[in-house]
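This report concerns only the one structure given below.
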Amino acid sequence: MLRSSSRTHKTTLYAMYNTAMDHRYVQFGCGMCAPETWQNFDAGPAFWLQSRLPFLTPLLVKKGFPPYPKNILYGDVIKGLPVPPQSAEAVYCSHVLEHMTLEEFRTTLRNVFTYLRPGGTFRFVLPDLEQLIGIYTGDPTPAACSRFMQESWLGETNSPRGLKSIPTAVFGRARHLWMWDFKGMAAQLDEAGFADIRRAQMGDSPDPHFKDVESDYRWKDCLGVDCKRPA
């Protein structure tokens, strides 16, 4: 109990420090992308193990999991990040929202809206359901259905067993749970209070900080969205 309280206190202090030092750029679900110019959070199972049980890191690395950068904090955006209200200039995530249920996604939008200062930007990229369906409907081969299930990450080729099944059973975030096209996403953002909702292309933001977190292989053939909390 004390150890958990100590971690929470440390996380809160780190968030306060970054805000005070004008590190008002928040990224959640960061994975291995953790630039110093951003406050980076991740809630993946491998990072959870490394952050909570650091003595397991060598074993995880041996099994093929990368050692995470030191400047990442454990943080679940659905439960809420230790980010003061209206303190973030921008919030970013890449291929995270499609791993949430619909209600978790809506909770995330409400939380992100709270973190942003008036006029702040929420920018993200995720798979484009409309494009994936277009590829599927335009493919006359018998493999079209299987290809769609694989590329959309909506299907499972097999069920992991033994120790390999533990991360899936406990965390359950590997597959895609709810997919989006632009018009559906725009309606959800509008309902959550966001404005100036537009399709985004990699590198088209006037804010240079986004260059630190965006990469071509994450944006290629995907749906990018840029929106703001009204000023």
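Start at 1 with the first residue, then count along the sequence.
A continuous path of Ile, Leu, Val, Met, Phe, Trp and Tyr side chains, each step under 4.5 Å between heavy atoms, connects L102 with V96, placing both in one hydrophobic cluster. A continuous path of ILVMFWY side-chain contacts below 4.5 Å connects F194 to V77, so both sit in one hydrophobic cluster. Residue I197 is grouped with residue L126 when hydrophobic side chains (ILVMFWY) are merged at heavy-atom distances under 4.5 angstrom, including chains of intermediate members. Taken together through direct or relayed side-chain contacts under 4.5 Å among Ile, Leu, Val, Met, Phe, Trp and Tyr, L129 and V125 form parts of separate hydrophobic clusters.
The CD1 atom of I72 sits 11.0 Å away from the CZ atom of F41 when rounded to the nearest 0.5 Å. Remark: S94 OG to F124 CZ distance equals 11.5 Å, nearest 0.5 Å. Summarising the geometry, atom NZ belonging to K211 is positioned 9.5 Å from atom CE belonging to M202; distances are rounded to the nearest 0.5 Å. Remark: W178 CH2 to E104 CD distance equals 12.0 Å, nearest 0.5 Å. For the atom pair T37 OG1 and D212 CG, the distance stands at 3.5 Å (nearest 0.5 Å). For the atom pair CD (E156) and CE (M149), the distance works out to 9.5 Å, reported to the nearest 0.5 Å.
N111 contributes no side-chain N or O that, together with a main-chain N or O of L81, makes up a donor-acceptor pair within less than 3.5 Å. Using modelled atom types, one side-chain atom of H99 and one backbone atom of R175 make a donor-acceptor pair closer than 3.5 Å.
Counting only residues at least two apart or on different chains, the ring-ring contact (aromatic ring centres under 6.0 Å, His included) pairs with a member in residues 127-152 are Y136-F148.
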Review item, side-chain donor-acceptor pairs of residues 220-231, under 3.5 Å, at least two apart:
unit_1	atom_1	unit_2	atom_2	d
D226	OD2	R123	NH1	2.9
K228	NZ	T121	OG1	2.6
R229	NH1	F113	O	2.8
R229	NH1	L116	O	3.3

Counting only pairs under 3.5 Å, give me each side-chain donor-acceptor contact of residues 179-186, with atom names and distances, residues two or more places apart or in other chains.
unit_1	atom_1	unit_2	atom_2	d
D181	OD1	G184	N	2.8
D181	OD2	K183	NZ	2.9

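The local environment of CD in Q201 is sparse, with at most 12 non-hydrogen atoms from other residues, nucleotides or ligands closer than 6.0 Å. Annotation: Q188, atom CD; neighbour count of heavy atoms from other residues, nucleotides and ligands within 6.0 Å is above 12. Within a 6.0 Å radius of CH2 in W219, other residues, nucleotides and ligands contribute more than 12 heavy atoms.
In terms of heavy atoms, Y92 sits closest to E214 at OH-CG, 3.6 Å. Between Q27 and W38, the shortest heavy-atom distance links the atoms N-CE3, 3.8 Å. When all heavy atoms are compared, the tightest approach of M32 to P69 is CE-CD, 3.7 Å. For R218 against S215, the heavy-atom pair with the smallest separation is CG-OG, 3.0 Å. Residues F122 and L109 approach most closely at CE2-CD2, 3.8 Å, considering heavy atoms. Shortest non-hydrogen contact noted between V213 and P35 is CG1-CG, 3.7 Å.
When each of T107, V91, L189 is paired with V112, the side chain to side chain contact (heavy atoms under 4.5 Å, CB included) condition holds for V91 and for no other.
In this view, D76 and A43, I78, K79 satisfy the side chain to side chain contact (heavy atoms under 4.5 Å, CB included) rule, not counting sequence neighbours. Take H95 and apply the ring-ring contact (aromatic ring centres under 6.0 Å, His included) test, not counting sequence neighbours, and it matches no residue.
For S205 and D207, the side-chain atoms include no donor-acceptor pair closer than 3.5 Å.
Grouping Ile, Leu, Val, Met, Phe, Trp and Tyr by side-chain contacts under 4.5 Å, direct or through others, leaves Y217 on its own.
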